[in-house]
Amino acid sequence: MTAPAEGHAPGAADGAADPVFQAEQAHLSATYATLLELGRDAARAMGELAADAAADKESMAEELATNYATWDDAMETHADFMALNRIIDGYNLSHSVQAERLAAVEALLRQPYFAKVSLRFREGDAPKDLYLGTAGISDAGYRRLVVDWRSPVAEVYYNQAMGPTSYEADGRTINVDLLLRRQFDIERDELRGYFDSDVAIQDSLLLASLSRQRSAQMQAITATIQREQNVVIRHDDVPTLLVAGIAGSGKTSVLLQRIAYLFYRNRDTLRPEEVCLITPNPVFSRYIANVLPDLGERNPRTLTWGELLAPLLPADRGVGEGSASLDDLARIDAAVASFEFDPRDFRPVTSAGVTLIGSDAVWKACQKFRNVAAGPHRVSLMREELAKRLEARLGQLAATEAVQNEVAALSIEEQLRLFGETADPVDEAEERALALRYLRDRHADAPGRVERDEWLDVDRVALRLLGDPGLTSVEWVYLKMALTGLSDPGAKYVMIDEVQDYTAAQLAVAARYFRRARFLLLGDPNQAIVEGTASWDEVRAVFEAARGPVSECRLMTSYRSTPAITDLFASLLPPEEALEVSSVQREAAPPEVIVAPDGDAWAAELRRVAEEAAGAPGLTAVIVPYKSEARRVARTLGEGAVVVGERDSLPDAGVAVLPLALAKGLEFDRVTIPDASARVFPATDLARRRLYTALSRATRHVTILADGELTELLRR
């Protein structure tokens, strides 16, 4: 089937005259009806399973008798319990299968599929049509109804041209002939249009999607993934994948689709809590929160740098205290390489005002393992020893008359909370057991203090080894990692978005803390908007040192901004990079530049522009370089100005004022730069990057004002 004339995607109005449209609408209607039936079947099966499970548990509970009188009786009782557990596990598994099927149906009912490929697997065979959707599902007869976009065969849709091609599946290369690549515009059971295309970049439905107004939540790009994006999404597992992309190239969308792809490929072995996504700020975290759930996946752990670091630091230390360099971290490594503990390096473990393990006891535990080199291995042995000593200490206290009197004096409510019944011990053993349960509750924080190595005085070690009484937060965590082996060994994948915003020392801490994880690093060197962050070469060097060779990809096509806006922000790039930048968006109004001769004229123009934007559809961002500038602009705009802070979510429409640090990674229908004067954006490299970042947030419209002389960066 050839594409409609000039790439036209027929809609319902002209589809009546198009037999292809009619056939595809009929297929969609049939698929939708089958999905509804599958959903009803899954819901009914879940209800029947719940009823059967309840009946079986009740029946077996009545028959189950606990008898431990003899060894044989005990073994028989154990076997009965194991049989009951197996039955319950079987019900749980069946319920999970049906629940997963129902979730897939619910996702597909919004859009059953978005594409179709026709493949010939052997010469002379009839072509096989495959419909691709956000989830995969088969009908009651196990016939594949919709193919998951992450399945191996979907590779031919995303990454291959027409004709003979291949894809990899289960370690084998499958050769096929791609006869048709068709895209659909579908909502529920209505076919709005279709388009046949040879390669993804000539995608009319992509352009239609890109032309829609932006919302307060990022949307999945599954149906419009382009070839260069697909390379990143389906990239082989490597220790570190570093992705450099221009503004608007879809880096964050690609990152989220990569996570969804990894969950699919490692369905039985990868859990959401084993994936960590480090995002620039809380506003951004909320902005992307719905993408993976809309794809039928749970969100991974999503943290800002501060949220990652805070639990690793003492309660009285801020996450952003001071800066550190790689040389500072190297000095720590050198000092720790040949050190020995000192008695004054330790402190007591206390809880509720009671010393449970004295510092002298910690020193004794250290000496017990003095034949092991000081460092993570010895600390691990000490940790185990101190956990045993803590339990022994609680046991000693439980035997004291004072603690037992405290238990006897507990209110009825407290006794019920702690013991599930009123305390009425029949002998000394039961009295001690109750007292121990009471102490474990009272000192519930103590095991955590031992596990977190709070008995080690890191500041004292820093003073003794480095002569530094006040380490920065990054140095402090790095020293504790070097001393104790502090890490998150359970993380399998770590994604860092806007990687150019981190210092080399911060990245070195992340590489060491997530010591078993594979990293995906995405960013744009030209969006480094703070002094002192790592250059692209430094990012690469940090992970080469920590993980070995670094794989790299580039994304040089803008899917966000119109050609005119893309040309504008590309003019701020180094010439050799600007030549590689392109846009696939449709053209729109050119950027508007307004230079006001004085402050009064500037304020009047700003208010006029904001009023016009408030009446336009979509969301307009007034982006200022710093928080202080946001207050100035908000005062000028008056009461109607909505200022977005770190704790706020973006509004769905209207005009929002926000500092550049919060706007990073986001996109808006309209962007206003309230003051692009030489005072705010001097002719420096940092100002160039900040202006590039601000301008590239816009999809359709840009307005630039200047209070006085326009910055030299834009005069050309």
Side-chain angles (χ1 to χ4, degrees), residues 214 247 529 561-572 587-645 648 650-651 653-664 666-716:
R214 266 38 185 181
I529 63 171
S561 305
T562 65
I565 297 173
T566 302
D567 288 345
L568 178 62
F569 68 70
S571 71
L572 296 168
E587 193 55 88
E592 182 183 12
V593 180
I594 302 168
V595 179
D598 55 49
D600 290 340
W602 169 81
E605 288 288 352
L606 179 60
R607 284 191 288 268
R608 179 188 64 78
V609 169
E611 288 172 5
E612 290 178 0
L619 180 59
T620 297
V622 179
I623 301 177
V624 296
Y626 305 102
K627 287 182 181 179
S628 57
E629 198 74 9
R631 291 191 289 270
R632 174 197 175 210
V633 168
R635 285 195 301 269
T636 303
L637 292 176
E639 296 181 359
V642 176
V643 180
V644 177
D648 303 320
L650 291 173
V655 178
V657 181
L658 67 166
L660 180 57
L662 294 184
K664 277 183 65 77
L666 308 182
E667 57 184 40
F668 308 91
D669 295 288
R670 295 168 172 263
V671 164
T672 296
I673 308 297
D675 190 2
S677 64
R679 175 185 62 84
V680 178
F681 291 100
T684 64
D685 193 51
L686 178 61
R688 175 189 66 81
R689 296 196 301 267
R690 297 181 71 82
L691 187 55
Y692 164 90
T693 304
L695 290 171
S696 61
R697 301 307 94 203
T699 65
R700 307 295 296 166
H701 301 277
V702 162
T703 301
I704 302 168
L705 294 92
D707 183 1
E709 187 180 18
L710 184 69
T711 173
E712 183 181 324
L713 297 169
L714 291 177
R715 284 181 211 163
R716 64 177 182 270

Main chain of [Y], side chain of [X]: is a donor-acceptor contact present, judged purely on distance under 3.5 Å?
X	Y	value
Arg697	Leu666	yes
Arg632	Ser628	no
Ser561	Ala698	yes
Arg690	Pro625	yes

[atom1] of [X] to [atom2] of [Y]: how many Å apart, nearest 0.5 Å?
X	Y	atom1	atom2	result
Leu691	Leu568	CG	CG	7.5 Å
Tyr692	Leu713	OH	CG	14.0 Å
Thr684	Glu712	OG1	CD	10.5 Å
His701	Ile565	NE2	CD1	7.5 Å
Leu705	Ile594	CG	CD1	4.5 Å
Thr711	Leu714	OG1	CG	5.5 Å

So which heavy atom on [X] is nearest to which on [Y], and how close?
X	Y	result
Pro651	Val644	CD-CG2, 4.3 Å
Pro682	Ala687	O-CB, 3.0 Å
Pro674	Val624	CG-CG1, 3.6 Å
Ile529	Ala661	CD1-CA, 4.1 Å
Ala621	Leu658	CB-CD2, 3.8 Å
Asp707	Ser677	O-CB, 3.7 Å

Heavy-atom check, side chain of [X] versus side chain of [Y], under 4.5 Å:
X	Y	answer
Pro617	Asp669	no
Ile673	Phe681	yes
Leu572	Leu695	yes
Leu606	Leu637	yes

- Message: Using a strict threshold of under 4.0 Å (side-chain N to carboxylate O), is an ion pair present between Glu592 and Arg670?
- Response: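 Looking at Arg670 and Glu592, the cut-off is not met.
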- Answer yes or no: is there an ion pair linking Arg608 with Glu612, defined by an N-O contact shorter than 4.0 Å?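 Salt bridge present between Arg608 and Glu612.
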- From CA spacing to verdict: side-chain contact (heavy atoms from CB on, under 4.5 Å), Val702, Phe569: CA-CA 11 Å; Val702 162; Phe569 68 70; over 6 Å; no
